[in-house]
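Along the sequence shown, the residues carry numbers beginning at 1.
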Amino acid sequence: MPPCITRLLRQVHRIRHPRGADLPTLRAALLAAIGDCEGAPAQRLQRQIRASEHRRDLWLLRSDAYRLIALQHCQAIADERLRELLHLF
């Protein structure tokens, strides 16, 4: 394959798959977002976050975090907290 095409393909791959934060950083950020939530649902979600082995798992747990924060605080706070995490993914 010509070098210019190879270079172009690498650029496209970087655009489509940007590097986000590492797994421990993502875990810590998601745990911090639900840090003031209490009760069994919060504890269960904390366990799931700590047990996650892939960034994809944490991405999927965002909806649970949103629901938990919205129930214990309000939807506006849940929106704000999870919006702050987007750049990490």
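- Screening residues 31-43 for salt bridge (Lys or Arg N to Asp or Glu O under 4.0 Å), with sequence neighbours left out, gives Asp36-Arg81.
- Scanning for side chain to side chain contact (heavy atoms under 4.5 Å, CB included) contacts around Leu71 gives Arg67, with sequence neighbours left out.
- Residue pairs that meet the ring-ring contact (aromatic ring centres under 6.0 Å, His included) test with at least one member in residues 31-62, sequence neighbours left out, are Trp59-Phe89.
- Between Ala42 and Cys37, the closest heavy-atom pair is CB-O, 3.5 Å.
- With sequence neighbours left out, Arg27 forms a salt bridge (charged side-chain N to carboxylate O under 4.0 Å, His left out) with no residue at all.
- Interatomic distance, CG of Leu82 versus CD1 of Ile77, reported as 12.0 Å (0.5 Å rounding).
- Scanning all heavy atoms of the two residues, the minimum distance from Arg55 to Leu23 falls at N-CD1, 3.8 Å.
- Nearest approach of Ala78 to Ala70, heavy atoms of both residues: CB-N, 3.8 Å.
- Rounding to the nearest 0.5 angstrom, the gap separating the CG atom in Leu26 from the CG atom in Asp57 is 11.0 Å.
- Ile34 and Ala65 make their closest contact through CG2-CB, 3.8 Å (heavy atoms, listed as atom of the first residue, atom of the second, distance).
- Among all heavy-atom pairs drawn from Ala33 and Ile69, the shortest one is O-CD1, 3.5 Å.
- Contact record, Arg62 with Leu86: NH1-CD2, 4.0 Å, taken as the closest heavy-atom pair.
- Taking CG of Leu61 as the start and CZ of Arg56 as the end, the distance is 11.5 Å to the nearest 0.5 Å.
- Atom CG of Leu45 sits about 6.5 Å away from atom CG of Leu30, to the nearest 0.5 Å.
- Applying the side chain to side chain contact (heavy atoms under 4.5 Å, CB included) criterion to Leu31, with sequence neighbours excluded, gives Gln46, Ile49, Arg50.
- Remark: Asp79 engages Tyr66, Gln75, Arg83 in a side chain to side chain contact (heavy atoms under 4.5 Å, CB included) (not counting sequence neighbours).
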